[in-house]
Number of protein chains: 2
Amino acid sequence: MNDQNPEPATTEHYIGIGELARESGCKPETVRYYEQIGLLPSAPRNEGNQRRYTTATIRRLTFIRHARDFGFSVEAVRELLQMADYPAMPCEEVDTLAKRHLAEVEARLARLTSVRDELQRMINQCAGGSVGQCHIIDVLSDHRLCHQTGPHGGADVIG
Amino acid sequence: MNDQNPEPATTEHYIGIGELARESGCKPETVRYYEQIGLLPSAPRNEGNQRRYTTATIRRLTFIRHARDFGFSVEAVRELLQMADYPAMPCEEVDTLAKRHLAEVEARLARLTSVRDELQRMINQCAGGSVGQCHIIDVLSDHRLCHQTGPHGGADVIG
DNA sequence: GTAATACCTATAGTCACTAGAGGTTCAAGT
DNA sequence: ACTTGAACCTCTAGTGACTATAGGTATTAC
């Protein structure tokens, strides 16, 4: 993950931000954003002030993108990157981070599942009449009509 | 009790923003925010410029809170509220909105489930060695090690 | 009367980007 | 060599849905 070499050791092929973005599955804006917040090191520039990357950066960015896809926060990704940068370190911390994240994901899954069940139930009961008799509106108006016992969890958990 | 209500039809009991918030499960700040963006109408004020609510507002706010809990966006909630305000309307639109939302929820569920499986698999394979051999880092570094075929979906879908 | 609590407005901050304005540089074709 | 057009640059502001803070006023309990 240590990759910012403006020195071309051989005729190594440098890529621009567009290709880097394509290769790693994000947008150039996002790459610049990641550089800005320090997830990526400042890229070396060519004569015309444009960022030049090596293929090593594709790997680092893929790592970031992948971790984000897994739902890790940017701060968690920052920690993961730091760990990955020191491969001799024991992986306990990484493991802990992943386990904590798994717990969060499972909690979300549980809530989202109950939301799905409730939505399905609401839709199935809709007789196609007027809004006044609509079960969807009913359920949303009155918590007691829910099959769930507690709250569904904050909206932030889902959306 | 300085009870100068805007509309004292009878001795109906008006409540403050704190009680409204408690009753409906959100914070006073959120109530004011909802008023600001027009999800709640401007509340009448007492002599001291403080918002006074009737119990009807508890229901409306509960509706909003509930719909948000179900993952509906604020804009969707706005639409739902408009529909609920006209009970004679056919509920087709409400139904459509709910169904569209169900589809989104199901897509999220699918992605979140695959993320959970992957995280679990990663954690199970971690032998507790050094970061260099850690499967978690491996999986995050290299997309090909994933059991999933495609991308997991954007981070916005999950977190 | 006083002290604690609840309330008010207005503004800025959060997260993780995304979009736009307004300019410069690069690569390809003529 | 010139021209077009895509890609790139910086800087700033906007998104969604709140949340927090500062600095004040009102209400309530004792």
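In this text, all values refer to a predicted model and were calculated from it rather than measured experimentally. Chain letters run A, B, ... following the sequence lines, proteins first, then strands; residues in each count from 1.
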How close or far is atom [atom2] of [N] from atom [atom1] of [X], stated in whole angstroms?
X       : N      : atom1 : atom2 : answer
A:Tyr33 : D:dT10 : OH    : P     : 17 Å
B:Leu40 : D:dC18 : CG    : C1'   : 14 Å
A:Ile15 : D:dC8  : CD1   : C1'   : 14 Å
A:Glu29 : D:dT10 : CD    : P     : 12 Å

Contact letters for nucleotides 3-11 of chain C, in which S counts primed atoms plus P, OP1 and OP2 and B counts the base, heavy atoms under 4.0 Å: ----SSB--

Salt bridge flag under 4.0 Å for residues A:Asp95 and A:Lys99: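 Yes, A:Asp95 and A:Lys99 are salt-bridged.
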
Closest-nucleotide ordering on DNA chain C, the 5'-leading residue of A:Glu47 and A:Ser73: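 Looking at DNA chain C, the more 5' nearest nucleotide goes with A:Ser73.
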
A:Gln82 CD: over 12 foreign heavy atoms closer than 6.0 Å: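 No, CD of A:Gln82 has 12 or fewer neighbouring heavy atoms, counting only those of other groups under 6.0 Å.
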
Heavy atoms from other residues, nucleotides or ligands near CZ of B:Arg59 exceed 12 (cutoff 6.0 Å):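 No, CZ of B:Arg59 has 12 or fewer neighbouring heavy atoms, counting only those of other groups under 6.0 Å.
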
Given [N], is OP1 or OP2 found less than 4.0 Å from the side-chain N or O atoms of [X]?
X       : N      : result
A:Asn46 : C:dC26 : yes
A:Arg68 : C:dC17 : yes
B:Thr30 : D:dT19 : yes
B:Tyr34 : D:dA17 : no

Pairs flagged by salt bridge (charged side-chain N to carboxylate O under 4.0 Å, His left out) wherever residues 72-93 of chain B is involved - sequence neighbours left out: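 Applying salt bridge (charged side-chain N to carboxylate O under 4.0 Å, His left out) to every pair that reaches into residues 72-93 of chain B, excluding sequence neighbours, yields B:Arg60-B:Asp85, B:Glu75-B:Arg78.
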
Close side-chain approach of A:Glu35 to A:Tyr33, heavy-atom, < 4.5 Å: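 Answer no - side chains too far apart.
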
Position toward the 5' end of DNA chain D (nearest nucleotide), B:Lys27 or B:Glu75: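 It is B:Glu75 whose nearest nucleotide is closer to the 5' end.
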
Heavy-atom closest contact (B:Ala98 atom, A:Leu119 atom, distance):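 Looks like O-CD2, 4.3 Å.
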
